[in-house]
Amino acid sequence: HVQLVESGGASVQAGGSLRLSCVAYGYSISRYCMGWFRQAPGKEREGVAAIDSAGNTKYADSVKGRFTISQDNAKNTLYLQMNSLKPEDTSMYYCAARLTPQDCTVIGVAFGSRYWGQGTQVTVSS
């Protein structure tokens, strides 16, 4: 049974930072492709970041240069470091596991993941 558990969401001021964590149970995050997507009420799901088994990373243009995805295989934990947060980053953030090495992109993570967690809320006020 695979379970992804996110944490770290909070309410912050614009310009602030947060680090999201995702612990995986029943699945090794070092396999294939992991990532983060976000979805706000009434808005489309948006892929944020992806990382493959070799550690290669991809980012949405909207977060490039501000967010960093990383993983600690020993802890089986995925991270998303978010800096210079903007009000438009306000959303529910989900950790996701894509069970194939192909198309390890933000779109692949957002729309082709086999597992995702319950989400953690990030709210950025101006």
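Nothing fancy with the numbering, it's 1 onward along the sequence.
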Test log, rule side-chain contact (heavy atoms from CB on, under 4.5 Å), inputs T120 and L20: CA-CA 8 Å; T120 187; L20 306 184; 3.9 Å; yes

K75 backbone acceptor or donor facing T77 side chain under 3.5 Å: yes

About how many Å separate [atom2] of [Y] and [atom1] of [X], when rounded to the nearest 0.5 Å?
X   : Y   : atom1 : atom2 : result
I29 : Q71 : CD1   : CD    : 4.5 Å
R31 : S53 : CZ    : OG    : 10.5 Å
Y59 : L80 : OH    : CG    : 7.5 Å
M92 : F37 : CE    : CZ    : 10.5 Å
Q39 : S91 : CD    : OG    : 7.0 Å
S11 : L85 : OG    : CG    : 11.5 Å

Cluster link L4 to L99, ILVMFWY, side chain under 4.5 Å: yes

Distance-only side-chain donor-acceptor flag, E88 / S62, under 3.5 Å: no

Any donor-acceptor N or O pair under 3.5 Å, side chains N83, S17: yes

Test side-chain contact (heavy atoms from CB on, under 4.5 Å) applied to V109 and W36, step by step: CA-CA 7 Å; V109 165; W36 295 88; 5.9 Å; no

Indicate yes or no: at least one non-hydrogen side-chain atom of [X] is less than 4.5 angstrom from one of [Y].
X   : Y    : result
T90 : V122 : no
Y94 : E6   : yes
V48 : V106 : no

Aromatic plane relationship, Y27 with Y115 - under 30° parallel, 30 to 60° tilted, over 60° perpendicular: tilted

Residues clustering with V5 (ILVMFWY side chains joined when closer than 4.5 Å, directly or via others): V23, Y25

Cation-pi geometry met for R45 and W116 (6.0 Å, 45°): yes

Step-by-step side-chain contact (heavy atoms from CB on, under 4.5 Å) determination, C95 to M34: CA-CA 8 Å; C95 165; M34 297 288 297; 3.9 Å; yes

Pairs touching residues 52-70 that satisfy salt bridge (Lys or Arg N to Asp or Glu O under 4.0 Å), sequence neighbours left out: D61-K64, R66-D89

Sequence neighbours excluded - salt bridge (Lys or Arg N to Asp or Glu O under 4.0 Å) pairs with any residue from residues 108-120: none

Working for side-chain contact (heavy atoms from CB on, under 4.5 Å), residues R19 and Y79: CA-CA 7 Å; R19 187 175 82 155; Y79 301 101; 3.6 Å; yes

Nearest heavy-atom neighbours spanning Y93 and R38: OH-NH1, 2.8 Å

